[in-house]
There are 2 protein chains.
Amino acid sequence: MTIKEVCEKYDITADTLRYYERVGVIPAVTRTAGGIRDYQETDIAWVENAICFRDAGMPVEMLIEYVKLFQEGDLTIDARANLLKEARETIVEAKKKYDIALEKLDYKIGRYEIAQKTGVLSWDDCGEE
Amino acid sequence: MTIKEVCEKYDITADTLRYYERVGVIPAVTRTAGGIRDYQETDIAWVENAICFRDAGMPVEMLIEYVKLFQEGDLTIDARANLLKEARETIVEAKKKYDIALEKLDYKIGRYEIAQKTGVLSWDDCGEE
DNA sequence: ATACAACTTGGAGTTGACTCTAAGTCAAGA
DNA sequence: TCTTGACTTAGAGTCAACTCCAAGTTGTAT
C-alpha cells in the first residue's frame, strides 16, 4: 500500500505519516527496492494504533516510548504494560472532564432553548449571565 | 480574591489567567483602585467555565467567540446557542474516540496480563506484536 | 519611610504537533 | 527516451496555547 493510499484510508496527510515514522511514533515502514514506502499489514496496524491513541489525546512522546520499548524486546513487557495502564488512566480522567463539560453545556443549552421559546432573554447562570 | 488565590483554587498559573483575560477567553476582571486584579464571583464563574471547556478540548478561539457574542448582548442569543450546540457535538465525537482507544487499550492490557502470568511473551496482536 | 514580595504590562520565547519547502529520485505512460 | 507526477530527504516554518522576561508599580510589614 502506498503512502497515498494510507493517507486516504485514514484521512491523514503524507507529511504526518512521514513525521510519525521519522520521530518513532511507528517503527520503520517497509520499502520497495527503490526506497519508496510500501505499507504492509503490520505497518498499517501501527499507523492505526498511532492515530487511535493520538485521537484520544495521548502525547506523541508516549507513543514513541512504547515503540522504543517494543523494539527492545520481551524484557520490556512490564514497562509496556505499565505504560498502557498509565495511558488508560489518563484517558479515563480526560473523559471525566469531558462529561463535566457536557453537563455544563447541556444546562446552558437548556437555558438558551427556554429563552428562545419564551422570548425571555436574561437569566442568572452561575452568576455569569 | 487575588490572582494567586484563583491560581491555587484551580491549579492554573497566573500567566494563564492573565493570558485568558488578555485574549478574551474571559471578560475583563474587576480591579482594585491600584489596578490589581480582584476576582469577584462573576469573574470566577467565567474562569471556572473557561477551564472546564478548555479541559474538554474546546479551542481558545471558540471561547473567545462566545465571550464576544455574550458582550454584544441579547441579539446574539441564537448565535450563542448554536455555538454551544456545536461545542456539544465536538465533545460527544471526541468522547467516542476516547472510547475506541480505551477498548484497544483494555484488549492490549489484557494480553499483557496473560503474558505476565503465564510467562508466554509473544503473541499476535492486530498483526503487530 | 523603607524594604521587599507580589502585582502590573507589553512583548518575546517555548512546546507539541505537525506542515511546508527545496532539491533531488523513482516509475508509469507517450 | 523523455516527461510528468508521485515519491524521497533534511531541515525550516507554522500554529495553538501557553510561559517567560524585563521593567516598572502596589501594598504590607518592619
Side-chain angles (χ1 to χ4, degrees), chain A residues 1-40 43-44 46-47 49-68 87 90-91 94 97 101, chain B residues 1-40 43-44 46-47 49-68 87 90-91 94 97 101:
Chain A
M1 216 175 188
T2 68
I3 197 167
K4 190 151 196 253
E5 288 164 339
V6 178
C7 296
E8 279 160 10
K9 179 161 184 191
Y10 294 106
D11 193 30
I12 186 179
T13 71
D15 272 319
T16 300
L17 280 172
R18 289 192 206 101
Y19 163 72
Y20 281 176
E21 185 176 354
R22 180 153 46 93
V23 301
V25 163
I26 57 172
V29 169
T30 311
R31 306 292 182 115
T32 64
I36 292 189
R37 287 175 183 81
D38 180 23
Y39 291 81
Q40 304 303 307
D43 301 315
I44 290 170
W46 279 105
V47 167
N49 276 308
I51 293 170
C52 174
F53 294 131
R54 283 291 304 121
D55 279 348
M58 298 319 302
V60 159
E61 203 47 62
M62 186 175 253
L63 304 184
I64 293 171
E65 178 67 11
Y66 184 81
V67 170
K68 214 192 81 205
T90 307
I91 293 175
K97 297 206 169 167
Chain B
M1 215 172 187
T2 67
I3 198 167
K4 189 152 198 256
E5 288 164 340
V6 178
C7 296
E8 279 162 8
K9 180 162 182 191
Y10 294 106
D11 193 30
I12 186 179
T13 71
D15 271 319
T16 300
L17 280 173
R18 289 192 206 101
Y19 163 73
Y20 281 175
E21 186 177 354
R22 180 151 49 90
V23 299
V25 163
I26 57 172
V29 169
T30 311
R31 305 293 182 114
T32 64
I36 291 187
R37 288 175 183 82
D38 180 24
Y39 291 82
Q40 304 303 306
D43 301 315
I44 290 169
W46 279 105
V47 168
N49 276 307
I51 292 170
C52 175
F53 294 129
R54 283 291 303 120
D55 280 349
M58 299 318 303
V60 158
E61 204 47 62
M62 185 174 253
L63 304 183
I64 292 171
E65 178 67 12
Y66 184 81
V67 170
K68 214 192 80 205
T90 307
I91 293 175
K97 298 207 167 164

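Note on naming: letters A, B, ... go to the chains in the order of the sequence lines (proteins, then strands), and numbering restarts at 1 for each one.
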Q: Answer yes if the side chains of D43(A) and T30(A) hold a donor-acceptor pair under 3.5 Å, and no otherwise.
A: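 Yes - a donor-acceptor pair under 3.5 Å links their side chains.
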
Q: For the pair made of CZ in R37(B) and P in dT26(D), what is the distance, rounded to whole Å?
A: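 The distance from CZ of R37(B) to P of dT26(D) comes to 14 Å, rounded to the nearest Å.
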
Q: When the distance from CD of E8(B) to C1' of dA6(C) is rounded to whole Å, what number comes out?
A: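 After rounding, the reported distance stands at 12 Å.
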
Q: For the pair made of CD1 in I51(A) and C1' in dC18(C), what is the distance, rounded to whole Å?
A: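 The answer, rounded to whole Å, is 14 Å.
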
Q: Counting the atoms with a prime plus P, OP1 and OP2 as sugar-phosphate, which does R18(A) contact under 4.0 Å by heavy atoms, base, sugar-phosphate, or nothing?
A: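 R18(A): base contact, heavy atoms under 4.0 Å.
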
Q: Both E61(B) and G35(B) contact DNA chain D. Which one's nearest nucleotide lies toward the 5' end?
A: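 Nearer the 5' end of the strand: E61(B).
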
Q: Starting the side chain at C-beta, find the nucleotide from dC18(C), dT9(C), dA17(D) nearest to Y19(A).
A: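 Out of dC18(C), dT9(C), dA17(D), the nucleotide with an atom closest to Y19(A)'s side chain is dC18(C).
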
Q: The side chain of T13(A) is closest to which nucleotide in this list: dT8(C), dT19(D), dT19(C)?
A: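 Looking only at heavy atoms from C-beta outward on T13(A), the closest nucleotide is dT19(C).
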
Q: Grab the CG-C1' distance between D15(A) and dA10(D) for me, whole Å please.
A: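 Roughly 13 Å, once rounded to whole Å.
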
Q: Mind checking R54(B) for me? I need base, sugar-phosphate or nothing, with any heavy atom below 4.0 Å counting as a touch.
A: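 Here R54(B) touches the backbone only, sparing every base.
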
Q: OP1 or OP2 of dC18(D) sitting under 4.0 Å from any side-chain N/O of Y20(B)?
A: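 True: Y20(B) side-chain N/O within range (under 4.0 Å) of dC18(D) OP1/OP2.
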
Q: Between R18(A) and E21(A), is there a salt bridge with N-O shorter than 4.0 Å?
A: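 No, no charged N to carboxylate O under 4.0 Å.
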
Q: Whole angstrom is fine here: how far is it from CD1 in I12(A) over to P in dT19(C)?
A: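 From I12(A) CD1 to dT19(C) P: 9 Å.
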
Q: Within the structure, does a side-chain N or O atom of T16(A) lie under 4.0 Å from either OP1 or OP2 of dT19(C)?
A: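 So the side chain of T16(A) is within the cut-off, an N or O lying under 4.0 Å from OP1 or OP2 of dT19(C).
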
Q: Report yes if at least one side-chain N or O of T32(A) is closer than 4.0 Å to OP1 or OP2 of dC7(D); otherwise report no.
A: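 No, T32(A) has no side-chain N/O under 4.0 Å of OP1/OP2 on dC7(D).
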
Q: Rounded off to whole Å, could you give me the CG-to-P distance for the L17(B) and dA6(C) pair?
A: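 So the CG-P distance, L17(B) to dA6(C), works out to 17 Å.
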
Q: Could you tell me whether the side chain of D38(B) and the main chain of M1(B) form a donor-acceptor pair under 3.5 Å?
A: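 Flag set: sc D38(B) to bb M1(B) pair under 3.5 Å.
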
Q: Can you tell me how far P of dC26(C) sits from CG of D38(A), to the nearest Å?
A: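 For the pair D38(A) CG and dC26(C) P, the rounded distance is 16 Å.
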
Q: Does E5(B) have more than 12 heavy atoms from other residues, nucleotides or ligands lying within 6.0 Å of its CD?
A: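 Buried by this count: over 12 neighbours within 6.0 Å.
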
Q: Side chain to side chain contact (heavy atoms under 4.5 Å, CB included), that's the test. Do W46(A) and V67(A) meet it? Break it down for me.
A: CA-CA 9 Å; W46(A) 279 105; V67(A) 170; 3.7 Å; yes

Q: Side chain of I3(A): nearest nucleotide among dG27(D), dT8(D), dA17(C)?
A: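 So the side chain of I3(A) is nearest to dT8(D).
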
Q: Please determine, for the side chain of P59(B), which listed nucleotide (dT8(D), dA17(D), dT9(C)) has the closest atom?
A: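 The listed nucleotide nearest to P59(B)'s side chain is dA17(D).
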
Q: Between R22(B) (CZ) and dC20(D) (P), how many Å, whole number?
A: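 Whole-Å distance recorded here is 14 Å.
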
